[in-house]
Structures are given as structure tokens and as C-alpha cells.
Protein chains: 2
Amino acid sequence: MRIQDVAKLADVSTATVSRALATPERVSPEARARVLEAIAKTGYVPNPAARSLRSQKTYMVLVVLPDLSNTFFSKILRGIEERLFEAGYGMIISDLDGSPEKEAHFAAFTAAGRVDGAILLNGHLFGQTREGEGMPAKIGIPLVALCEAIPSADIPQIEIDNRAAANRMTQHLASSGHRRIAYLSGPAGNVLEKERFLGYRDGLKAAGLPFDPALVLPGDYTIESGVKAGQDLVARSTRPTAVFCTSDEMAIGLMRTLLSAGLKVPEDISVAGFDDIEFAAVAEPALTTIHQPRRELGQMAAAVLIDLLQGRPSPKRIRLETELIIRDSVASPQNIEKAPAKSTRTRAIKPT
Amino acid sequence: MRIQDVAKLADVSTATVSRALATPERVSPEARARVLEAIAKTGYVPNPAARSLRSQKTYMVLVVLPDLSNTFFSKILRGIEERLFEAGYGMIISDLDGSPEKEAHFAAFTAAGRVDGAILLNGHLFGQTREGEGMPAKIGIPLVALCEAIPSADIPQIEIDNRAAANRMTQHLASSGHRRIAYLSGPAGNVLEKERFLGYRDGLKAAGLPFDPALVLPGDYTIESGVKAGQDLVARSTRPTAVFCTSDEMAIGLMRTLLSAGLKVPEDISVAGFDDIEFAAVAEPALTTIHQPRRELGQMAAAVLIDLLQGRPSPKRIRLETELIIRDSVASPQNIEKAPAKSTRTRAIKPT
DNA sequence: ATGAAAGCGCTAACAG
DNA sequence: CTGTTAGCGCTTTCAT
């Protein structure tokens, strides 16, 4: 079924069919009606390859993710897809998976004109390191950075105020009476990590608490790194009374390890998360965390990209509001100034 | 940068350039070398729209999901993407989100030839209900059903043996001494649900236990439905000693509700899940469940589809092995034959 | 408002 | 083994 068939049936030229679809107002009502009828009768659907070849547009958007299997991205993707769908765009997902070859592949893919624009969730431009080194990205299509800002790039950034949110959580912990607040970090070099760490320090300062490097635990946002940090904590003779985990997944892994070692949350140690993923509310205990409007973040990024794609002006930076969600994993420290006894009861952990 | 530029630079015809890329063996080594050099020099990337228009292929595969934000799919997607990537195919994801319009859109999308094949995870063909009613899908491209089999369709099915797995778990519970084993179901009509329910009945029968309809709780695989089922259970005067949840998400929601109501898992009530998602191992208590090889399922489906796409023969049905993962959420019932006391201590639940 | 005609960049037939 | 040539189906001038 080609445009010619429709044209013949409607007794007009192929140009008129094309116009009836793209710019209906430039076609007489009668011709338009006949075309529409013919389309309905034939079930004609334009061939996208031909259209793309001629118009140099693909109506496809690339979404670049560092890790598709990370729970955090699911709702964001949904938000993106919704807006894109409404505007008639399709979504291609590229899961970088830490592989340079994949990144190169998608860079070529993009350069080859298979997509009209891209949403970057991985914190850097194609071919660049996070620090902005490497080849300047000469990808000649609209780009939007989502969640992980790319400071070196002059593209719209859609994000939350990570620093303010981390500050807020730290102060919440401090105002609950905690004075030794540990920080479970994200991966070194990560933009989010940098901002959140700054926020942690801000919060400490605002609460008049000293910064203690020994209370900074290395993590990478995964459940496993939360489990590791928990094992570290369990082994210590002097423990913090609260741990601010910069992802919910780490917080859940951490709590699990603490609980297995016989420590109680929040009685013995308070735990806070970041993101408010679905499982945060049903963790045991329910996790106090920072809520990120994930779906809205996705929708907003898609909306901005669509604006760009259609030549409309777009804001350079959008920051969506976060919310402090208070649940059950944070409480006042019960034994302030009392030396914590080393746990004796220790149960093996079986993380698959 | 077009094929012509490369041809000129390599001093060959465009056809030779095209062949050097597609069928190198049909080009003389010298010509091939010159072409490759010219490509390297110019950074030429073929225009996919032109190629697609001419060859009637898109090198794109559609993956149809019922719900992108469901944790269960993430690793499967990764498996699919890996194999597809290796074979040079791109992946377009369609999140149906229960919307008939979206489904119609993607059906048209597919009919328009934007993809060479599709992997269906939603349990039915485009335009069909799950029961096989509706328009026969005349989508003229290779299709593969993954996880949710589509019995009415004559396409390859990649899945696990849901019935056998459910049977196994039920018997595991029975062999732990449980005689009142509840079943938290999936959505009515769902293929997986049907199979797992059959397996539950099989297991009951094998263990010589009677089937009690009052022990079948309605669910839909979501955390929320697990929470609901938990509230139902908490309110009962006579409770089952074990609950077989047909998804980990429900199991986690259920355990959370039970725990909040002061019931202990597994001491007061055992809970088992299905899927072995990442959070199962760090749930409190760690969840006994059925492990599904999610990544492998995805890889297998992609591999079968690629075979189909490239004209190779493919198996009609592949069943991957599951595994019973024993953790801490199942134990022998402690108070057999003792009437369970109604819980008095009840704490409010705050699901988000 | 409409039609004729020229490609978009590539691959596949066909010659040679 | 290699070049010539004819489209793939559509959109978009340029006329009318």
C-alpha cells in the first residue's frame, strides 16, 4: 500500500495526499475528505523509511542509560515514553552497560541520523569522559541531559537539586539528635555523588557537626555496595548512629546486613535513603528517604526535547522539587554517649 | 557524507562500496582495502533510511511490554538488548501500559514496516485479547513470545515451566510441614497465573492436601496487591501457616504488612515468592523463591528472533530451567494445630 | 489549491 | 570482479 494507491483512489496527485496528511489546511476540504476516505478504505500507513529519507527526520529519540536494570530508571522511562508517544515520536533505548563499544556504536548510530534527538541519563556526552575531556561531541542533533547534569555541555539540563536534598536529609538526621552521621556515597566522579556529598557537608555545617572522613563509606548505588557497607559497619567497634545512603537500593542492602547482624534499625542505628523507589515504602523498616518525581522528570525531559526538535525555545535548566519522606527507619539515637557494644549475634547473609 | 563520496575517494563505483560492506568476499582484496581506507578517512556511516527503503529492512526489533516499570522486566530487557546488539539490531521498546490506543499505535507502527520483528512479553498478539479473540494478527513479520506464552499463536515461545515451578514450591512448603498453604494469585486470565495455579493444585494433590478456595487470595503481581492480601490475612481469625505468592513483589508487600501487624515471618507465617528479583535476597527476612533466569530468557528470545529474521530454522518452544532458592522466609509451622491468636498489636502501614 | 517532477542515499539486477 | 542503472516511497519545490 503506497501513497500512489491512495492518490489514485482519491483521484488526486500523490502530492495532495501528502499534504492532506502533513498540512491539511492547505488542501481543499473536498480533496481532504476524499483522501481521508481513501486512506481509511485502504488502511494506508506511510512508509517511514521513505519519509525519513526524503525529509531527513526519523521521529525517533534515543534514550541513553548507564544501566537499564537499575530500578531507578523504570519510572523515568515511562515518563519519557508517554510524552514522546503523545508527540508521535518513538523511543530507542541504549543501555551503555559500562561498555565503550556500545557507546561508540550508539554514537555512530546517532551520527548516522537514525534519531532526531537524544536524552542523556548517563552524565556525559558521547565520546567524552565525565570530566568533559575527549572529542567534543559533534553530534548535530538536539540533546537533553536528564538527572545527571552535564555541566560542560550547553544543552538543557533537567534535574533535581541534589545538593539541597542531601543537605535537607542530613539536617533531618541531625535534628533527630544524631551527631555521628555516616555517608554512603555514590561512585567516585559521578555528578550526583559530588552534589550530594556537598549537600551532606552543607548539612553537617548547618547543624554544627564536624566532618569526619571515617564516616564516609564508598558505594556505587547498588544493593551489593549497601551490603558491603553494612558489613563494614558491623565490624566496627565505634559506629555512627545514622547512615545517610545516597540511594534506596544501598539503604535496603545496608539495613538487611545490619538486621542480620542483630542490630536494630532504627533503634541501634538509623538509616536514610535517596530516590524513593517503590520498595522503599515496603522495606523493613519502611525507609525514610528523599522523593524524586521520577515520572515527571522523564516527562519534562521529553517535553523539552520535543520543543527543541520542533524549533521552539526551551529553558536551559529545569529543577524539579524533591520531598523528604519520613517513614520508620530514622529515630533519635537511644544511647547517646554510651559506647556501642560490639554485636555478638551474627547471622550469615545470603545475597543470592 | 554519502556512499558516492567514498566511492570517488576509493576510485570505485558505489556498488563496490556497498558490496565491500555487505559481502566483502565478493570484492577483490585491493578494492576492499581502498574502500575501507576511504571509509576510515571520511568516517562514512550508511544512511539507514535509504538502506531501509531500498532493502525493505530496518534492523530494528520491537519489544512489547505490559509494564516497563515492573522490576521483573529489567534484566530480561538487558538480555534481549545484548543479543540484538551483537547481531546489529536496534531495540524499540513499547510500554503498553494497559492502553488500547498505544497497542493500536504500535500495531500500525509494526505494520508500517518500522521493525523487522518483535518480541512479545504481553501474552497476546496485537489486536487480540488474551483469549485469542479479535482480529487475527496479520502482522507479516517474525514474532516471538517471551515469558507469557501465546498458545493460540503459531510462533516460538520462550518461557519457563510455570506449572512445574509452582508445583515444586507448593511441595516445598508442604514438606516443611505446612498444611494450610495460601496462594496469592496473579491477575485473572493471565497465562502465567493459570499455569502457576495449576502447579499449586498439583503440589497440593501431590502432598495429599485438600484445596481450599478460601486460601486463594486475589493479586496482580504488584507490591500493592501484596499489601492488600496482607491486610486481608491480618484481619482473619484463622490464618494459613504459609503463603505462596506468585511474584516477589507481592511477597515483599505481604511480608511488610504482616510484620507491621506484629506477625513474625517465618515464625508465625511462612512466605514464598516467585521470580527471584534483586530485592528478594535483601528482603527481611530474605525471601525463599523461584529463580527465573531472566537475562538468559531475554537472550534466548532475541537469539530465536534473529534466527527467524535471518531465515534460519528455529525451535518452536524453549523452556529454561528454574531453581528453588531457599532463604529465610519459610520455616516449619511452630504451632501446628494450635488455634492462632488474633493479633492485638497493630501498627499503621505507610505505603508511600 | 493542485499537479508534475526531481530527488533523498542506497542496494540489487543486469551487463560486462 | 566491477560498473551502470533503475528504482524503493515519499516530500517538496516549481509551475500552473
Side-chain angles (χ1 to χ4, degrees), chain A residues 1-36 38-39 42-60 88 108-116 140-141 310, chain B residues 1-36 38-39 42-60 88 108-109 111-116 140-141 310-311:
Chain A
M1 196 51 50
R2 299 160 310 152
I3 198 170
Q4 286 221 10
D5 305 317
V6 177
K8 207 164 290 175
L9 196 63
D11 196 31
V12 292
S13 70
T14 60
T16 299
V17 176
S18 179
R19 280 190 284 253
L21 257 20
T23 52
E25 69 279 7
R26 285 194 229 164
V27 173
S28 70
E30 307 82 54
R32 200 189 314 156
R34 287 212 308 284
V35 168
L36 260 28
I39 288 177
T42 57
Y44 165 75
V45 182
N47 178 319
R51 170 196 294 228
S52 174
L53 179 58
R54 177 65 233 231
S55 64
Q56 310 285 24
K57 278 180 190 153
T58 64
Y59 289 96
M60 278 289 162
F109 187 92
T110 306
R114 293 199 78 144
V115 292
D116 293 343
I141 58 169
Q310 304 185 341
Chain B
M1 196 51 52
R2 297 162 309 153
I3 198 169
Q4 287 222 9
D5 305 316
V6 177
K8 207 164 290 175
L9 195 63
D11 196 32
V12 293
S13 70
T14 60
T16 298
V17 176
S18 180
R19 280 189 286 251
L21 257 20
T23 50
E25 69 280 7
R26 284 196 231 165
V27 173
S28 69
E30 306 81 55
R32 200 189 316 157
R34 288 214 307 284
V35 168
L36 260 28
I39 288 177
T42 56
Y44 164 75
V45 182
N47 179 319
R51 170 197 295 231
S52 174
L53 179 58
R54 176 66 234 226
S55 65
Q56 308 287 21
K57 280 181 187 148
T58 64
Y59 288 96
M60 278 289 163
F109 187 92
R114 295 201 76 147
V115 292
D116 294 341
I141 58 169
Q310 305 184 341

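Reminder, nothing fancy here: chain letters follow the sequence lines and each chain counts from 1. Only heavy atoms go into these numbers, but all of them, side chains included; no hydrogens, no water, no symmetry mates. Note that this is a predicted model, so its numbers are computed, not measured.
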### Task
In whole angstrom, give the distance that lies between atom CZ of R32(A) and atom C1' of dA1(C).
11 Å
### Query
Salt bridge check: are R2(A) and D5(A) linked by an N-O gap of less than 4.0 Å?
yes
### Task
Describe the nucleic acid contact of E30(A) in one word from base, sugar-phosphate, nothing, applying a heavy-atom distance below 4.0 Å.
nothing
### Query
CG/L9(B) to OH/Y44(B) distance, rounded to the nearest 0.5 angstrom?
13.0 Å
### Query
Between atom NZ in K57(A) and atom P in dG9(C), what is the gap in whole Å?
16 Å
### Summary
CD1 of I3(A) to NZ of K8(A), rounded to nearest 0.5 Å, is 12.5 Å
### Summary
So CG of N47(B) and CD of Q56(A): to nearest 0.5 Å the spacing works out to 6.5 Å
### Task
May I have the distance from R26(B) (atom CZ) to dG3(D) (atom C1'), rounded to whole angstrom?
15 Å
### Query
For nucleotides 9-16 of chain D, read 5' to 3', which letter fits each nucleotide if B means a protein heavy atom sits under 4.0 Å from the base, S means only the sugar-phosphate is that close, and - means neither?
BBBBB---
### Query
Any side-chain heavy-atom pair from L21(B) and I39(B) closer than 4.5 angstrom?
yes
### Query
How long is the span from the CG atom in L53(A) to the CZ atom in R51(B), to the nearest 0.5 Å?
13.0 Å
